[in-house]
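Naming convention: chains lettered A, B, ... in sequence-line order (proteins, then strands); numbering from 1 in each chain.
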Number of protein chains: 2
Amino acid sequence: MVVTIRDVARATGVSISTVSRALANPEQVAEATRVHVQETARTMGYRPNRAARGLVTGRTGSIGLVVPDLENPFFGSICKGVQARARAAGYAVFIADTDEDPLLEDEVVRGLTKQVDGVILCSPRGSDEAVGRVAEDSSLVLVNRTLAGVPSITFDNGGGARAVMRHLVALGHRTIAYAAGPITSWSNRERDTALRDFAEQSNDVELIELGSFPPVFSGGTQAADLALASGATAIVAFNDLVAAGLVDRLRHRGITVPTDISVTGFDNVPMSTLVWPNLTTVDFPRIQMGRASVDALLDTVLGRRKEPRPNLEIPVELVVRQSTGVLPASRAASA
Amino acid sequence: MVVTIRDVARATGVSISTVSRALANPEQVAEATRVHVQETARTMGYRPNRAARGLVTGRTGSIGLVVPDLENPFFGSICKGVQARARAAGYAVFIADTDEDPLLEDEVVRGLTKQVDGVILCSPRGSDEAVGRVAEDSSLVLVNRTLAGVPSITFDNGGGARAVMRHLVALGHRTIAYAAGPITSWSNRERDTALRDFAEQSNDVELIELGSFPPVFSGGTQAADLALASGATAIVAFNDLVAAGLVDRLRHRGITVPTDISVTGFDNVPMSTLVWPNLTTVDFPRIQMGRASVDALLDTVLGRRKEPRPNLEIPVELVVRQSTGVLPASRAASA
DNA sequence: CGAAACGCTGCAAACGTTTGCAGACTGTAG
DNA sequence: CTACAGTCTGCAAACGTTTGCAGCGTTTCG
């Protein structure tokens, strides 16, 4: 019922070796045989058994993708990019969701490594040691995180943070609060550092760091009151969800964005144009990152690249919308 | 470097058959041997080669999941549920994104069937014929769609639509518009039919059907003006994204939701609590659906169920938030 | 005490494919 | 006509695992 290479061989009257070659290495068989075999294979509906092929070649023809939370559209986009590029290269994609759990992550990755040619590990929550150990015995590409000796792809968080600061300063803001994300988040550290450095270097800008909030809507709700009390005229949120929470809470407090206070996010998730006012944010080209990570993985898997490939940083872009505005004269005076 | 069953056999001093059995069918080997083998295998870091196993058993230990758009959080949630349940059952998940393209869908599914034990086809865009052909020669479970003879899981769209109508009618609304989704969408047809039936059966309610809009934010923008012109006092949107677009456009036109007009969505995607006012919508338990679809697939794959399993309908729940309100007295009079 | 039954283990075949090697054939040159 | 190169094809081994079958030792029962 399921057609194997033998059936094709019998139907065409050649050996299975010839069939195999006609399909996988067409240039090794004579023109006539080749077309005959290919034709027959097609009409018979032959599909090579990947398990059998994998057994002898040692390649599985698939890659693994590990993300912390599939429900988060940020990772959904990356998946989309990965999936598209992988298919174009003839690879299938195994997916795994770690539920933001470092232990589960480790287990999942180890289970996956044996059945794939390489793994893309996205925003890993595990320790450097754990990630490093995995990298030792499997092809690994890190996304949204760096680790010495392991190829990785990151967004230019620092550049994004600086662009936000430049934008706010240009609008007249001098007292700016940062509603930070999880301290375990590599992205948060990158952004935080860049913001602080920027403030230090331009000596009339004050950055108020507001501690750490969960990177979700309610995190913004929490941060809003603190931000308000701090006297800042602009709030940089760790991401768009926090920014949305901020805006919502501020509205309840009777504060209007951007008239009274400006708010920015990070990521440019689709919802950032749904909240009112539409969020000024930093766009992270996530699909592109997904594609790039597959390319990087294939580089190492296929040995296309000799020298160890360090980190690739993907540029990001400030998207100015309605949640940021010029500093009201009254506040400027009082500052 | 990679440890095989042979290495474990040599290390423990038993044959490979015994190792295989000790790990896969523990009850077939003696207690002492079993613990010895299991212990050694663990310390050596042995992981069975799935390709080899698959070759002899005919099972791959993985399932395929095909969705129209990974970026859409609706499908992201389903993926999450599928992935979690599949892992719990010892299966890995191949994922494929069809970009909403029926042709790509067909190709992708066919390519997948050979390397998995079964496929979960989510919101398929292909024709009944195309889907039916695939179902013939592979284990298939349909999600969000029914097809004679193929096991499927759907949400109770009709029940959700009726709940929305009851809610609006209770608030005093008698002229209700439906901003329909894509005509190719099975869910849209289900909702539309239920809404229409409901209106017909309660003879003082008028349903105005507003044609078809893309199921995204801008679809709502388009629908808003038509809805306004129709004189409806409440608008049922095909989904939350359309509802969000509606609310946004209405605000620009100076109409307040829900004071002047009520709006509802479907799906209860995470953003529905981000837009202001928070959307009244119908919650679809997507993670649960993901899990249920794996169960259904495993039923057929493992032959756990004899009689053909028809459709399983998952109940949904109306979530009342701030986008619906009582019909203003002025409008009631004018109606 | 002998035979049967049982529990445990090992042998070896099989799964479907790729690939190194060698053989068969054709054509060309000496 | 022989030798040789070159092109194409087939043979057979190998990949790592599962599993039917048989063998072995021990126990149980008559």
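Shown here for A:S293 and A:V143, the closest heavy-atom pair between the two residues is CB-CG2, 3.7 Å.
Checked against C:dT17, D:dT18, D:dG10, the side chain of A:A52 finds its nearest nucleotide in C:dT17. Nearest to the side-chain atoms of A:S20 among the listed nucleotides D:dG16, D:dT17, C:dT19 stands C:dT19. If you check C:dT18, C:dT9, D:dG16 against the side chain of B:T33, the one that comes closest is C:dT9. Side chain of A:A30, nearest nucleotide from D:dC11, D:dT17, D:dT9: D:dT9. Checked against D:dG20, C:dT17, D:dT17, the side chain of B:T4 finds its nearest nucleotide in D:dT17.
A donor atom on one side chain and an acceptor atom on the other are found under 3.5 Å apart for B:T18 and B:S15. Checked by atom type, the side-chain pair A:T146/A:N311 shows no donor-acceptor distance below 3.5 Å. Side chains of B:T60 and B:D117: a donor-acceptor N/O pair is present below 3.5 angstrom, by distance only.
Per the geometry, CD belonging to A:E27 stands 13 Å off C1' belonging to D:dT7, to the nearest Å. As rounded to whole Å, 11 Å separates atom C1' of D:dG16 from atom CG of B:D7. In this structure, B:I16 atom CD1 and D:dT18 atom C1' are separated by 9 Å, rounded to whole Å. Between A:L55 atom CG and D:dT17 atom P the separation is 9 Å, expressed in whole Å. Atoms CD (B:Q115) and C1' (C:dT17) sit 15 Å apart, rounded to a whole Å. The distance between atom CZ of B:R6 and atom P of D:dT18, rounded to the nearest whole Å, is 13 Å. Rounded to whole Å, the distance from CZ on B:R53 to C1' on C:dT17 is 20 Å. Rounding to whole angstrom units, CZ of residue B:R59 and C1' of C:dG16 are separated by 18 Å.
Toward the 5′ end of DNA chain D lies the nearest nucleotide of A:V14, the other residue of the pair B:N25 and A:V14 mapping further downstream. For A:T18 and B:V29, each mapped to the nucleotide of DNA chain C holding its nearest heavy atom, the one lying further toward the 5' end belongs to B:V29.
The pair B:D101-B:R125 does not meet the salt-bridge criterion, since no charged nitrogen lies less than 4.0 angstrom from a carboxylate oxygen.
Judged by distance alone with a 3.5 Å cut-off, no donor-acceptor contact links the side chain of B:R47 to the base of D:dG16. The base of D:dG10 lies close enough to the side chain of A:R21 for a donor and an acceptor atom to sit less than 3.5 Å apart.
As judged by a 4.0 angstrom heavy-atom cut-off over every strand, A:R50 is placed among residues making no nucleic acid contact. Within the 4.0 angstrom heavy-atom criterion, base atoms lie near A:S17.
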